[in-house]
Colleague: 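Quick one: the structure is below, and I'll ask about it shortly.
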Amino acid sequence: MTAQIKNLLLDTRLPRLEVRMLLEHVLGKPRAWLLAHDTDPLAPEVATAYEALAQRRLAGEPMAYLLGQREFMGHVFRVTPDVLIPRPDTEVLVETALECVAGQSAPAVLDLGTGSGAIAISIALARRDARVMASDVSAAALAVAAGNAWALTASVRFVEGSWYGAVPAGEGFDLIVSNPPYVASDDPHLGRGDVRFEPRGALTDGADGLEDLRRIVAGAPGHLKAGAALWMEHGWDQAEAVRGLLAAAGFADVHSRRDLAGIERVSGGRWPGRG
């Protein structure tokens, strides 16, 4: 007897929501269609495709990589193992960025280490007049980001290179944002959960977790206009250290903002001098 769609919907190896999402993905159909057609016969190739994804999920691979996408700031971004999976915690960085440039006409914004492009593209979509540049040292990541910008019709200029080394000479910005690698190299979380499958170079600086944050703070004054801002995402226990870096570099109005869980997730300040 030919298997039916409902046979897969009853798969108990995975949470029900994940089963449904994987089945929607292999069938290319929404939930309402599945419910209306649950007694339809299941093509062998569909069952095979589902089983392959289920096995990968059982091995711990993130759902975002299995589905090839993740929602962020109300937009759907394509993701691959070449980029970090956008997380809700990072939305506070985008919201802060938009507040920083509110009221400014055609603000120049730089996103360092853009990955999937989620931050830069979300800013560009919210501020169509903004001149947004996004950098990454990974050509593969930039390809994903550029594809996302194209799909979402966002105007972003992508440049390849390490931190400020990617930025053309003479460019000045009203705002610099970054979600850099900030996990210490000996953090046990690197061997747990979804992060096991994410690009390690986008997670950790290979040192104490503050090395790339130091580089971004140190190089910012040479690329910020007077009165411009720098905001960075960091680890749950790094806010005080990052505020110290900003203050020591001469930034004013240094403070942190909390995410939805109440954790100090981003820190930043205003550059009072000449860029």
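In this chain, numbering begins with 1 at the start of the sequence shown.
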Colleague: Under 3.5 Å, side-chain donor or acceptor atoms of residues 137-148 against the rest of the protein: list the pairs with distances, not counting sequence neighbours.
Modeller:
{"unit_1": "Ser138", "atom_1": "OG", "unit_2": "Ala140", "atom_2": "N", "d": "3.4"}
{"unit_1": "Ser138", "atom_1": "OG", "unit_2": "Ala141", "atom_2": "N", "d": "3.0"}
{"unit_1": "Asn148", "atom_1": "OD1", "unit_2": "Arg78", "atom_2": "N", "d": "2.7"}
{"unit_1": "Asn148", "atom_1": "ND2", "unit_2": "Arg78", "atom_2": "O", "d": "3.0"}
{"unit_1": "Asn148", "atom_1": "ND2", "unit_2": "Ser116", "atom_2": "O", "d": "3.0"}
{"unit_1": "Asn148", "atom_1": "ND2", "unit_2": "Val144", "atom_2": "O", "d": "3.4"}

Colleague: Might you point out which heavy atoms bring Arg127 and Pro107 nearest each other, and give the distance in Å?
Modeller: NH2-CD, 3.2 Å
Colleague: Check this for me, if you would: do Glu233 and Arg87 make a salt bridge, where the nitrogen-to-carboxylate-oxygen distance has to be below 4.0 angstrom?
Modeller: no
Colleague: Do the charged groups of Glu171 and Arg131 touch, with an N to O distance under 4.0 Å?
Modeller: no
Colleague: List the steps and the verdict of side chain to side chain contact (heavy atoms under 4.5 Å, CB included) for Leu93 and Arg265.
Modeller: CA-CA 8 Å; Leu93 181 59; Arg265 178 60 56 188; over 6 Å; no
Colleague: So which atom in Ala229 and which in Cys100 form the shortest heavy-atom distance, rounded to 0.1 Å?
Modeller: CB-SG, 4.1 Å
Colleague: The test is side chain to side chain contact (heavy atoms under 4.5 Å, CB included); show your working for Ile85 and Met63 and say whether it passes.
Modeller: CA-CA 10 Å; Ile85 300 166; Met63 285 292 291; over 6 Å; no
Colleague: Assess the residue pair Leu98 and Ile123 against the criterion (side chain to side chain contact (heavy atoms under 4.5 Å, CB included)); give the C-alpha distance rounded to whole Å, side-chain angles, the decisive distance to 0.1 Å, and a yes or no.
Modeller: CA-CA 7 Å; Leu98 293 173; Ile123 293 172; 4.2 Å; yes
Colleague: Is it the case that Ser122 and His75 place a side-chain donor and acceptor less than 3.5 Å from each other?
Modeller: no
Colleague: Salt bridge or not for Glu240 and Arg243, using N-O below 4.0 Å?
Modeller: no
Colleague: Please give me the minimum heavy-atom distance between Arg257 and Thr96, naming the atom from each residue.
Modeller: NH1-OG1, 3.2 Å
Colleague: Within a reach of under 6.0 Å around CH2 of Trp236, are more than 12 heavy atoms found that belong to other residues, nucleotides or ligands?
Modeller: no
Colleague: Mind telling me whether His223 and Tyr164 have parallel, tilted or perpendicular rings, with 30° and 60° as the class edges?
Modeller: parallel
Colleague: Using every non-hydrogen atom in the two residues, find where Trp33 and Leu27 come nearest and quote the distance to one decimal.
Modeller: CZ3-CD1, 4.2 Å
Colleague: What's the verdict on side chain to side chain contact (heavy atoms under 4.5 Å, CB included) for Tyr182 and Asp205, showing C-alpha distance, side-chain angles and the deciding distance?
Modeller: CA-CA 6 Å; Tyr182 55 73; Asp205 56 12; over 6 Å; no
Colleague: Looking at Asp174 and Ala228, would you say the former's side chain and the latter's main chain have a donor-acceptor pair under 3.5 Å?
Modeller: no
Colleague: Where do Ile119 and Asp111 come nearest, in terms of heavy atoms and distance?
Modeller: CB-OD2, 3.8 Å
Colleague: What closest approach, in Å, do Val266 and His234 show between heavy atoms, and which atom pair accounts for it?
Modeller: C-NE2, 3.4 Å
